[in-house]
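Every chain is numbered from 1 and lettered A, B, ... according to where its sequence line falls, protein lines coming before strand lines. Note that this is a predicted model, so its numbers are computed, not measured.
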There are 2 protein chains.
Amino acid sequence: MTASEPKTHSEGVYASLRAELLGGSFLPGSKLKLAGIGTRYGVSLSVVREAMTRLAGEGLVRALPQRGFCVTPLSVDDLLDLTRARVLIETSVLRESIGQGGLEWESAVIAAHHTLQGTTYTTDEGHLDAAWSAAHQAFHRALLTGAKSPRLESIATELRDCSLLYQHWSIDIAGDLDRDVAAEHRNIAELAVARDAEGAVRALTEHIERTTAALLAYAESQTDPRRAAGISA
Amino acid sequence: MTASEPKTHSEGVYASLRAELLGGSFLPGSKLKLAGIGTRYGVSLSVVREAMTRLAGEGLVRALPQRGFCVTPLSVDDLLDLTRARVLIETSVLRESIGQGGLEWESAVIAAHHTLQGTTYTTDEGHLDAAWSAAHQAFHRALLTGAKSPRLESIATELRDCSLLYQHWSIDIAGDLDRDVAAEHRNIAELAVARDAEGAVRALTEHIERTTAALLAYAESQTDPRRAAGISA
DNA sequence: AAGTTAAATAAAATCGATATTTTCTTGCTA
DNA sequence: TAGCAAGAAAATATCGATTTTATTTAACTT
């Protein structure tokens, strides 16, 4: 059994579409035509529509009244806001996590880090590797599980998923990542498990902001970022 | 013109349903039958379904695969988690807001507070007054606008909307509120405008937690909270 | 040639109906 | 009487078609 059959048709399309979006299969800002997707998945418009509505709620696509849906357009302003929100929330929750996490939490962090470390970074054709991406998200999620707050965890995860959309801006991001990212992760994991809250928070903040900086640098390196990478503003 | 006509049919039903939910018209955990709502609003199932899906994304209703939708069931555990998340996020954003807010922000806070203060608390039949509730939400929102972060603002608003569902648990909450709430609001507003970040944060924290405490006290006062107020766990 | 209007095309939003699944009811059995 | 099973009823999820709205194309005007 790979993944338990989705209870409803709509659920399946939602999950697939979500994976495609986070995998960077669509161009930011591009139009998502319901009919096309419907036939591609062999389902009716209704189920595509429902999936889209859910994705819009998560901020991965945008609903344009009377004009359907499009992949969420990216913008420098939003990237900055998103980064700020992530830093503020993830660091706050990490503090709680370090303060309240028990042995299971430590183990989970170490396990997630080990997995991440062992996942090869096959940067074929400049795209982020799906497996690595998943391990990366899992690691960051594990860091926050010590806080034992379902709501905060899901908010942080949602924001992280949104920022994943930005990771496909640049093919250079891959090269930039394996430069220091492994060390950064090790550092965060160690500080967290060592209960050095302030140190871990600092490391996490830098980790998040460094990726954003790389993205911004890439965006600026383009003469016209709008055309080059789907930026809308 | 009262409120610009909603572009789409679905949008209208969504807004109405949302207002009903936040107004406490439905019992927590109760089933929302699509057909009934559809005929009540004079629309097809599709549009109700879409509205529901959106509301589910916001956490106001819950989607039960193959079994439709129900009003989000309330629970003590979730109330505690929700309160924790709100305190953590709203205080963090308030700090930023106080640090970065300009004169317009101060004015907005003062204006929102004045409106709130002047809105009569007509607690007819023990229900929260819609106008007061709106003014209350607007005030709390205004406090955070100085941070100039759309994402953080909307997250905070969403959580606050969720906690509004809990306010209808008890008919006593109304009596409890006008006891000290006006003073609390004045206090928060003054400290915020005076740029006393830590003081304002402390006041806001107490304000949020006090309401939760009142709700919990009411919940415990019931021999069987489940039956009495729609609590599910 | 640029701009404007009008028809034609394409797409989205909505509907009404069907197929499935769940829930309720009723009668049976131990 | 409690528990179970089968059938009836209700409600959901999905479909296919219709209506409405946006977009494109083409013709026309200045």
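With sequence neighbours excluded, the residues that form a salt bridge (charged side-chain N to carboxylate O under 4.0 Å, His left out) with R40(A) are E20(A). Under the side-chain contact (heavy atoms from CB on, under 4.5 Å) criterion, L143(A) pairs with L94(A), V109(A), F139(A), H140(A), I188(A), A192(A), sequence neighbours left out. Here E90(B) pairs with R86(B), R160(B) under the salt bridge (charged side-chain N to carboxylate O under 4.0 Å, His left out) rule; sequence neighbours left out. Listed by chain and residue number, E96(A), R84(B) satisfy the side-chain contact (heavy atoms from CB on, under 4.5 Å) test with Q100(A) (two or more places apart in sequence, or in another chain). Considering only residues two or more places apart in sequence or on other chains, D81(B) meets the salt bridge (charged side-chain N to carboxylate O under 4.0 Å, His left out) condition with none of them. By the salt bridge (charged side-chain N to carboxylate O under 4.0 Å, His left out) test, E209(B) pairs with no residue at all, sequence neighbours left out. Every residue two or more places apart in sequence or in another chain that forms a side-chain contact (heavy atoms from CB on, under 4.5 Å) with V48(B) is listed here: L34(B), I37(B), V43(B), M52(B).
Rounded to an integer number of Å, the gap from E50(B) CD to dC15(C) C1' is 14 Å. In this entry the distance linking CG of L64(B) with P of dA11(D) reads 15 Å, nearest Å. Between the CZ atom of F69(B) and the P atom of dA10(D) there is a distance of 22 Å, given to the nearest Å. Atom-to-atom, NZ of K33(B) to C1' of dA10(D) comes out at 9 Å; the value is rounded to the nearest Å. Protein atom CG of L34(A) is 16 Å distant from nucleotide atom P of dG16(D), rounded to whole Å.
A heavy atom lying under 4.0 Å from DNA chain D marks none of the residues of residues 9-21 of chain B.
Close to dA12(C), at under 4.0 Å from its OP1 or OP2, lies no side-chain N or O of T8(B).
The side-chain heavy atoms of L80(A) and L216(A), taken from C-beta on, include a pair separated by under 4.5 Å.
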Distances under 3.5 Å only, N/O to N/O: pair up the protein atoms with those of nucleotides 17-25 of chain D.
unit_1	atom_1	unit_2	atom_2	d
dT23(D)	OP1	R67(A)	NH1	3.2

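Mapping S46(B) and A35(B) onto DNA chain D by nearest heavy atom places A35(B) closer to the 5' end of the strand.
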